[in-house]
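Only one structure is covered here, and it is reproduced in the block below.
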Amino acid sequence: MSTESTTKTDAVISSSSIALSDVAAEKVSALLKQEGRDDLSLRVAVQPGGCSGLRYQLYFDDRNLEGDTVTEFGAAKVRVVTDKMSTPYLMGATIDFTDTIEKQGFTIDNPNAGGSCACGDSFN
């Protein structure tokens, strides 16, 4: 995994906050090319909900909020953004992309999660 950090206005930079695998970075880059946008970042947030109490949200966002943590990955300079409330929950987490016959999509390996539900969509 390559982790190159760059500074953005009003953002906190921490290379240890979250990691993006090379496969996930390539997938995000491909999705952004499909959208025809180079101004979007992958925002990863933790929200209340799900059967275990907290759930992940991943979506493309063009906003820069005060206190955001921004990290860039790979040659394509894929930006991953976490808000100041979600960052502590995501410290050390790794986002990957799986594309197999059984499963396709982004996965999050989070060492901070005490447990998760069977659907893998929420944690505590």
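Residue indices begin at 1 and follow the sequence shown.
Between L20 and V78 there is a side-chain heavy-atom pair separated by less than 4.5 Å. In this structure the side chain of Q104 reaches within 4.5 angstrom of the side chain of F97, judged on heavy atoms. You'll find the side chain of R79 stays beyond 4.5 Å of the side chain of K77, heavy atoms only. L90 places a side-chain heavy atom less than 4.5 Å from the side chain of Y56.
Taking every heavy atom of both residues into account, P111 and G92 meet most closely at CD-O, 3.5 Å. Contact between P48 and L54 at its shortest, heavy atoms only, is CA-CD2, 4.1 Å. Heavy-atom minimum distance, L58 versus F106: CD2-CB, 4.1 Å.
When each of I18, T69, T87 is checked for a side-chain contact (heavy atoms from CB on, under 4.5 Å) with V44, only I18 meets the rule.
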message: Let's go through F60 and L31 carefully: what are the C-alpha distance in whole Å and the side-chain angles of both, what is the deciding distance for side chain to side chain contact (heavy atoms under 4.5 Å, CB included) to 0.1 Å, and is it a yes or a no?
response: CA-CA 10 Å; F60 291 124; L31 290 170; 3.9 Å; yes
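With salt bridges taken as basic N to acidic carboxylate O contacts below 4.0 Å, none links D99 and K27. In summary, R43 and D68 engage in a salt bridge, as defined by a charged side-chain N under 4.0 Å from a carboxylate O.
Distance alone, capped at 3.5 Å, is enough to place a donor-acceptor pair between the S86 side chain and the V46 backbone. Listed for the D83 side chain is no donor-acceptor partner under 3.5 Å among the backbone atoms of L65.
Taken from CG in D109 to OG1 in T94, the straight-line distance is 5.5 Å, to the nearest 0.5 Å. Taking CG of L42 as the reference point, atom OG of S29 lies at 12.0 Å (rounded to 0.5 Å).
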